[in-house]
Amino acid sequence: MRSVRMRAELDGMHVSGAERVIPHYELEKVVMELLKRPKRYDKIVITIERVENLETIPKSLPIKSHDFADVEQAHEFVIKKLKEIGIEESITQKALKLLTEGPNPKGGNMRGAVLMDPVSGERLEPDQERGIRNTRIDWRNSTAIKEALRERGIKKFYLERLIDALAIATKNIHCGVIAEICWSDDPEYTTGYIASKEFGYIRIKPMKEEHTPTGGRVYFVKRESLQELIECLERKVMLIEQLL
Ligand code: AMP
């Protein structure tokens with residue numbers, strides 16, 4: 001098997017990224033697909049690695065969807081769900097504010113995720129501009145998963161993002177992340193999600209106002225097992241077998 005990762009930049013800014021874990025004979029096809037992903041770029045980096053140890057996750061998190069009239073109501077729902085699993089409102093508010101304002105201390109977005117202590121709200125990621133990048137995760141058969149999602153009524157507009165985000169969230173929870181809050185930095189894409197072992201993957205719309213360029217991910221994590229967790233998120237290669 002091979003791990004294939006793509007990242008693209010435009011005017012020095014990260015504009016697109018993707019992850020695949022595939023059999024070696026699909027390499028050429030997948031590299032071509034990844035090359036076509038970013039609409040515009042002035043630099044693209046594609047990394048290919050041989051996979052030594054592959055772990056499998058039998059099933060993804062279950063998917064639910066909720067639409068709200070506005071961002072305020074959507075965020076109230078996030079606060080309520082996280083309270084159910086023991087995260088205080090003030091901590092969730094802090095995470096929501098961070099993503100609304102842009103979590104990078106230099107302004108704007110990060111490349112990876114914020115790691116947050118669910119008790120103190122302290123940021124635990126070693127580099128607050130980069131964050132933690134969740135890599136080396138894919139579906140055993142992404143074509144079949146896409147087809148299954150389409151049959152469940154997921155529209156084409158959401159499909160590509162959902163399949164990538166669900167894989168990331170499933171790996172996170174498998175590695176020991178307690179809960180995740182996410183929305184895109186794409187100004188036109190306002191659907192985000194929360195995820196946890198207890199409530200699965202909940203798609204939420206709208207997590208942010210339209211035409212706003214900030215977004216990101218906050219992972220609530222136990223500080224005692226921080227190093228192991230980072231190692232799992234960034235280094236372990238995993239394949240998800242099926243959609244739940
Ligand atoms: P996206 O859903 O691709 O628009 O990404 C939204 C935000 O999530 C980005 O601004 C990053 O902060 C973060 N992010 C994107 N990809 C990853 C990843 N693989 N691991 C961790 N965080 C990520």
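Indexing begins at 1, ligand by ligand and atom by atom, following the structure's order. Just so it is clear, the model here is predicted, and its values are computed rather than measured.
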Trainee: Donor-acceptor pairs are to be reported for all side-chain atoms of residues 20-32 against protein atoms at under 3.5 Å, with residues two or more places apart or in another chain.
Mentor:
unit_1, atom_1, unit_2, atom_2, d
Arg20, NE, Asp138, OD2, 2.7
Arg20, NH2, Asp138, OD2, 3.4
Arg20, NH2, Ser142, OG, 2.9

Trainee: Could you please provide the protein residues found below 4.0 Å of ligand 1 on a heavy-atom basis, arranged by chain and number?
Mentor: Met110, Arg111, Gly112, Ala113, Ile132, Arg133, Asn134, Arg161, Ile168, Trp183, Ser184, Asp185, Gly216, Arg217, Tyr219
Trainee: Side chain to side chain donor-acceptor pair (under 3.5 Å) between Ser184 and Arg161: does it pass, once the steps are laid out?
Mentor: CA-CA 9 Å; Ser184 177; Arg161 285 176 181 278; 3.3 Å; yes
Trainee: Does any part of the side chain of Leu244, heavy atoms only, come nearer than 4.5 Å to the side chain of Leu61, both counted from C-beta?
Mentor: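 Sidechains of Leu244 and Leu61: no contact.
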Trainee: Looking at Ile178, is its backbone amide N or carbonyl O close enough to the side chain of Lys222 to form a donor-acceptor pair, meaning the two atoms are under 3.5 Å apart?
Mentor: no
Trainee: Flag the pair Arg37 and Asp164 as a salt bridge only when some basic side-chain nitrogen lies within less than 4.0 angstrom of an acidic carboxylate oxygen.
Mentor: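 Yes, Arg37 and Asp164 are salt-bridged.
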Trainee: Donor-acceptor pair, distance only, cut-off 3.5 Å: does the side chain of Lys171 make one with the backbone of Leu233?
Mentor: yes
